Amino acid sequence: MSETGVHSSAIHERAKEAIGDAHLQEAYRSSTLRLYSHRLSAINQVPGFEPLRERARELKREVMDHLDYYLAQFADSVEREGGKVHWARTAEEACTIVKDIVKSAGAREVVKSKSMVGEEIELNHALEAAGIDPVETDLGEMIVQLSGERPAHIVAPAIHKTRHDVSDLFVEKLHSKRTEDPGQLTAIARKTLREIFARAGVGVSGANFAVAETGSIVTIENEGNIRLCTTAPRVHVALVGIEKIIPRLLDLGVFLRLLGRSATGQKLTSYTSILTGPRRPGEDGPDEMHIVLIDNGRTGTLADEKMREALYCIRCGACLNTCPVYRKIGGHAYGWVYSGPIGALITPQFVGLDQARELPFASSLCGACREVCPVKINIPDLLLHLRGNVQERVPETPQAGEVVSERKGMRLWAWAMKRPWVYSLGGAAVRFGIRWLPSAGGHGAQKWIARLPFYPFSNWTRGRDFPAPDSVPFRKRWKKLSS
Amino acid sequence: MTNKSPKVALFITCLGDQFYPQVGESVVRILRRVGATVTFNPQQTCCGQPAFNTGYRDEARQVAVRNLDLFEDADYVVAPSGSCSTMFRVFYPELFAEEPELLQKVERLRARFYEFSEFLVKVMKTEDVGASFPHRVAYHDSCHLLRELGIETEPRKLIKAVKGLELVDLQDNQVCCGFGGTFSVKFPDVSVAMARDKLRAAADCGAEYLVANDAGCLMHLAGYIHRERLPIQTLHLAELLEKHE
Ligand code: SF4
């Protein structure tokens with residue numbers, strides 16, 4: 001249903017398309033702005049938001065520094081409560097585990113609640129290939145599934161769709177009456193889903209947190225479908241990335257206060273569920289609870305002391321809403337499941353740096369993401385680190401119109417910058433050379449160039465003019481100034 | 001301020017040297033006006049940021065290492081740029097993290113390294129440098145200046161002290177303009193789209209001038225202004241502080 005594969009190199013094309021699409025631009029602008037300003041007013045109401053962030057960061061650091069210990073504790077706790085733990089090293093293994101569970105439950109249909117890790121492992125594909133029908137029950141995810149797309153945002157999967165788009169989609173796919181009223185649209189979705197909930201044998205969920213001490217998984221939501229997914233079917237499967245562990249139930253308060261506010265600007269989301277083991281006698285709930293602990297590249301990140309910090313992420317999406325690049329190009333341009341600043345950091349861990357070569361560069365390094373991140377991940381710093389890794393380990397792709405490769409160009413540049421006379425000579429040569437370039441006119445003393453030759457300079461003049469260097473550089477003027 | 005005139009070595013930045021030499025001149029005259037002794041070592045070229053920002057650590061390191069020697073004997077080093085100051089103060093420590101001897105040099109340099117507006121307000125304790133400019137001016141926070149160095153109030157204090165000037169409230173003044181060093185040519189469409197947003201916001205608040213404290217942002221914004229023939233002009237903070245109208 002969704003497309004597979006990583007398309008990081010297509011980011012330039014897709015970004016261009018997105019920027020040219022006025023409809024999409026408006027959808028991203030208004031939704032991210034709304035989430036951003038909600039967040040702002042919500043955190044302004046909390047005295048001590050800063051210490052809370054510090055505390056969350058400390059907790060995450062503690063977990064990541066001793067992840068083996070906490071994972072073992074979590075697994076023990078789950079088994080103690082009657083749940084079953086499965087370990088998946090790769091996406092494939094994770095999918096196979098889920099398929100086997102569904103098969104032994106004799107189910108043909110699976111209800112799913114929103115799970116990014118489910119997207120990451122491409123679970124829907126795997127299930128469909130095995131003749132099992134996965135149904136997304138989160139409204140946003142359902143919209144995305146009906147359109148055959150991927151989520152465009154960690155928290156708001158259908159952020160790129162307007163009410164009007166959803167209305168069209170429902171008319172086409174669900175044959176519903178045309179309406180643009182959000183309440184009615186939700187009602188239509190709910191009606192469609194209700195029957196499916198009643199008959200599905202297996203419910204698949206993600207988890208926002210996994211508590212080592214108690215073996216609980218914690219889910220938060222606003223719609224109530226996760227509750228249905230995890231309790232109505234006879235079997236519940238929770239997909240849990242191994243970085244989701246927190247030490248104690250007591251610590252949950254810290255994260256919940258941060259997550260709701262950072263994600264949607266809510267003090268708390270409407271539903272917070274703490275699920276510990278399957279149903280006990282006399283209780284409602286599933287007969288079986290399976291927890292699939294998924295690595296899929298995470299231990300590799302853990303091993304890199306610098307990148308480890310990326311695993312602190314609690315998937316609130318605040319960095320996406322504040323990132324001016326994400327706001328312009330949207331989630332799909334990034335070419336994989338996780339988009340925006342955090343996506344640029346963690347995608348390489350899942351798919352390999354060579355597949356995600358472009359992503360660390362898709363940032364102006366403005367630092368707005370770090371400012372809003374509830375666990376203070378130093379995203380720009382890590383992006384710079386990844387850029388270094390890319391240049392050292394991944395062969396560069398030649399660009400149209402380049403005369404020297406980037407690497408050679410940088411070497412030449414460094415050679416010149418170490419020799420002030422070469423630097424000055426270079427400046428003079430440029431001053432001389434630009435006489436032949438098409439002028440864009442000028443105001444006052446400043447002359448402008450309309451078109452620069454050679455990649456990457458030619459890229460500058462795609463949408464901007466370029467100033468001609470001043471005829472007398474500062475170093476020449478200094479003599480006069482100092483006399 | 002001590003009675004001894006502080007000795008300031010300028011780091012003019014390569015963009016400043018080649019494209020905006022008049023900004024450097026303003027910096028010199030203003031620093032002298034407030035009582036500093038100014039020197040400029042023509043052996044300097046670039047801080048190394050283009051390579052560092054693009055992931056070429058080795059090349060960046062080679063260029064950076066020269067700068068550690070160039071500024072040994074000044075009381076202060078001052079640069080009219082947030083991003084180059086960031087290079088010295090935030091990224092050099094990272095670049096030389098594994099070389100203890102050089103790292104010591106970096107630490108000595110960092111402690112004396114100031115961005116221009118920060119130096120005026122924090123070290124020289126001056127806000128009014130005697131400028132007058134009766135125009136509507138918007139101030140754009142350059143990202144590195146704001147988020148890496150935390151310089152937010154200093155430029156505003158200096159701008160507010162300019163006689164006749166009206167500082168208008170630029171919506172989203174802390175959103176990146178889209179320059180981002182090599183980002184501007186690696187992602188030209190996004191970069192330009194971000195400039196468009198910034199300049200729309202500036203037009204909406206009726207600014208005649210858009211002031212920033214970094215040559216990179218200015219070059220990018222002015223390039224878009226010129227391409228689209230927009231009725232607004234850019235100014236570097238140092239140029240503004242020398243205005244007398
Ligand atoms: S990186 Fe930080 S801001 Fe971004 S989603 Fe993760 S926790 Fe939220």
Side-chain angles (χ1 to χ4, degrees), chain A residues 12 15-16 19 324-325 328-329 360-368 370-371 381 384 386-392 406-407 410-411 413-414 416-418 420 423 427 430 440 442-443 446 448 450 455-457 459-467 469-470 472-478 481-482, chain B residues 12 14 16-22 24-25 28-29 40 42-46 48 50-60 62-63 66 91 94 143-144 146-148 174-176 178-195 197 219-220 222-224 226-227:
Chain A
H12 300 282
K16 207 174 146 194
I19 289 165
V325 175
K328 286 278 127 204
I329 69 177
F361 296 95
S363 164
S364 67
L365 302 178
C366 77
R370 175 181 56 202
E371 202 170 86
D381 190 44
L384 274 166
L386 277 183
R387 288 182 185 189
N389 291 354
V390 167
Q391 306 297 16
E392 274 155 31
E406 188 176 273
R407 172 159 300 277
M410 279 297 175
R411 281 203 189 128
W413 170 87
M417 292 299 151
K418 283 185 283 183
Y423 163 92
V430 170
H443 47 68
Q446 183 64 61
W448 291 91
Y455 176 88
F457 312 105
N459 268 356
W460 179 281
T461 43
R462 264 163 73 166
R464 290 153 291 200
D465 289 335
F466 188 77
D470 199 282
V472 190
F474 180 83
R475 58 194 56 232
K476 283 214 176 129
R477 297 185 185 203
W478 171 251
L481 277 168
S482 55
Chain B
I12 279 303
C14 55
D17 178 37
Q18 297 292 327
F19 294 93
Y20 298 100
Q22 78 282 7
E25 290 183 325
V28 172
R29 286 191 288 260
F40 172 77
Q43 291 300 308
Q44 62 179 267
T45 57
C46 173
F52 183 73
N53 180 296
T54 323
Y56 293 94
R57 297 171 187 141
D58 250 14
E59 284 76 6
Q62 289 169 34
V63 173
R66 293 182 65 246
F91 298 149
E94 212 161 295
C143 301
H144 278 162
L146 175 70
R147 297 201 184 85
E148 298 287 352
Q174 303 197 333
V175 174
C176 177
F179 172 62
T182 42
F183 175 77
S184 63
V185 289
K186 280 190 179 279
F187 286 82
D189 302 306
V190 190
S191 171
V192 166
M194 286 161 72
D197 286 356
M219 192 162 158
H220 163 69
Y224 184 79
H226 193 260
R227 173 69 58 92

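None of these values were measured; they are calculated from a predicted model. Per chain, numbering begins at 1; letters A, B, ... match sequence-line order.
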task = Quick one: do B:Gln62 and A:Met417 satisfy side-chain contact (heavy atoms from CB on, under 4.5 Å)? Show the steps, please.
result = CA-CA 9 Å; B:Gln62 289 169 34; A:Met417 292 299 151; over 6 Å; no
Rounded to the nearest 0.5 Å, how far does [atom2] of [Y] lie from [atom1] of [X]?
{"X": "B:Phe187", "Y": "A:Phe361", "atom1": "CZ", "atom2": "CZ", "answer": "9.0 Å"}
{"X": "B:Arg147", "Y": "A:Leu365", "atom1": "CZ", "atom2": "CG", "answer": "11.5 Å"}
{"X": "A:Ser363", "Y": "B:Phe183", "atom1": "OG", "atom2": "CZ", "answer": "7.0 Å"}
{"X": "B:Thr54", "Y": "A:Met410", "atom1": "OG1", "atom2": "CE", "answer": "3.5 Å"}
{"X": "A:Arg370", "Y": "B:Glu148", "atom1": "CZ", "atom2": "CD", "answer": "4.0 Å"}
{"X": "B:Cys143", "Y": "A:Glu371", "atom1": "SG", "atom2": "CD", "answer": "9.5 Å"}

inquiry  = Quick check on A:Trp478 against chain B: is it the side chain, the backbone, both or neither that has a heavy atom closer than 4.5 Å?
reply    = side chain
query = Under a 4.5 Å heavy-atom cut-off, does chain B meet the side chain of A:Glu406, its backbone, both or neither?
reply = both
Chain A contact via [X] - side chain, backbone, both or neither, heavy atoms under 4.5 Å:
{"X": "B:Phe91", "answer": "side chain"}
{"X": "B:Ala195", "answer": "neither"}
{"X": "B:Glu94", "answer": "side chain"}
{"X": "B:Val175", "answer": "side chain"}

Name the member of [options] that forms the most heavy-atom pairs with chain A at distances under 4.5 Å.
{"options": "B:Leu146, B:Ile12, B:Thr182, B:Asp58", "answer": "B:Ile12"}
{"options": "B:Glu25, B:Gln22, B:Gln43", "answer": "B:Glu25"}
{"options": "B:Ala60, B:Cys46, B:Gly16, B:Gly178", "answer": "B:Cys46"}

Flag side-chain contact, heavy atom, 4.5 Å: [X] against [Y]:
{"X": "A:Trp460", "Y": "B:Ser184", "value": "yes"}
{"X": "A:Asp470", "Y": "B:Phe19", "value": "no"}
{"X": "B:Arg29", "Y": "A:Leu481", "value": "yes"}

Using modelled atom types and a 3.5 Å cut-off, is there a donor and acceptor pairing between side-chain atoms of [X] and backbone atoms of [Y]?
{"X": "A:Arg477", "Y": "B:Gly24", "result": "no"}
{"X": "A:Asn459", "Y": "B:Lys186", "result": "no"}
{"X": "A:Arg387", "Y": "B:Asn53", "result": "yes"}
{"X": "A:Ser364", "Y": "B:Gly180", "result": "no"}

query = Got a sec: does the NZ of A:Lys418 have more than 12 other heavy atoms crowding it under 6.0 Å?
reply = yes
task = Test salt bridge (charged side-chain N to carboxylate O under 4.0 Å, His left out) on A:Arg475 and B:Asp17 and set out the steps.
result = CA-CA 7 Å; A:Arg475 58 194 56 232; B:Asp17 178 37; 2.8 Å; yes
inquiry  = Can you give me the closest heavy-atom contact between B:Arg227 and A:Thr461, atom names plus distance?
reply    = NH2-O, 2.9 Å
inquiry  = Between B:Asp197 and A:Lys328, does any side-chain N to carboxylate O distance fall below 4.0 Å?
reply    = yes
Please rank [options] by heavy-atom pairs under 4.5 Å with chain B and give me the top one.
{"options": "A:Val472, A:Asp381, A:Leu386", "answer": "A:Asp381"}
{"options": "A:Trp413, A:Tyr455, A:Phe466", "answer": "A:Trp413"}
{"options": "A:Ala15, A:Cys366, A:Ala416", "answer": "A:Cys366"}
{"options": "A:Ala414, A:Pro360, A:Gly427", "answer": "A:Ala414"}
{"options": "A:Ile329, A:Asn389, A:Val430", "answer": "A:Asn389"}

ask   = Going through the distances and angles, do B:Arg57 and A:Gln391 end up as a side-chain contact (heavy atoms from CB on, under 4.5 Å)?
value = CA-CA 9 Å; B:Arg57 297 171 187 141; A:Gln391 306 297 16; over 6 Å; no
request  = Under the side-chain hydrogen bond (donor to acceptor under 3.5 Å, both in side chains) rule, collect the residues that match up with A:Arg464, sequence neighbours excluded.
outcome  = B:Ser191, B:His220
inquiry  = The test is side-chain contact (heavy atoms from CB on, under 4.5 Å); show your working for B:Val190 and A:Lys16 and say whether it passes.
reply    = CA-CA 7 Å; B:Val190 190; A:Lys16 207 174 146 194; over 6 Å; no
ask   = Between A:Phe474 and B:Tyr20, does the ring centroid distance fall short of 6.0 Å?
value = no
task = Evaluate the criterion side-chain contact (heavy atoms from CB on, under 4.5 Å) for residue pair A:Tyr423 and B:Gln18; output intermediate values, then yes/no.
result = CA-CA 10 Å; A:Tyr423 163 92; B:Gln18 297 292 327; 3.4 Å; yes
message = Going by salt bridge (charged side-chain N to carboxylate O under 4.0 Å, His left out), name the residues that satisfy it together with A:Arg407, two or more places apart in sequence or in a different chain.
response = none
message = Looking only at side-chain N and O atoms, does B:Tyr224 offer a donor or acceptor that is under 3.5 Å from a partner on A:Asp465?
response = no
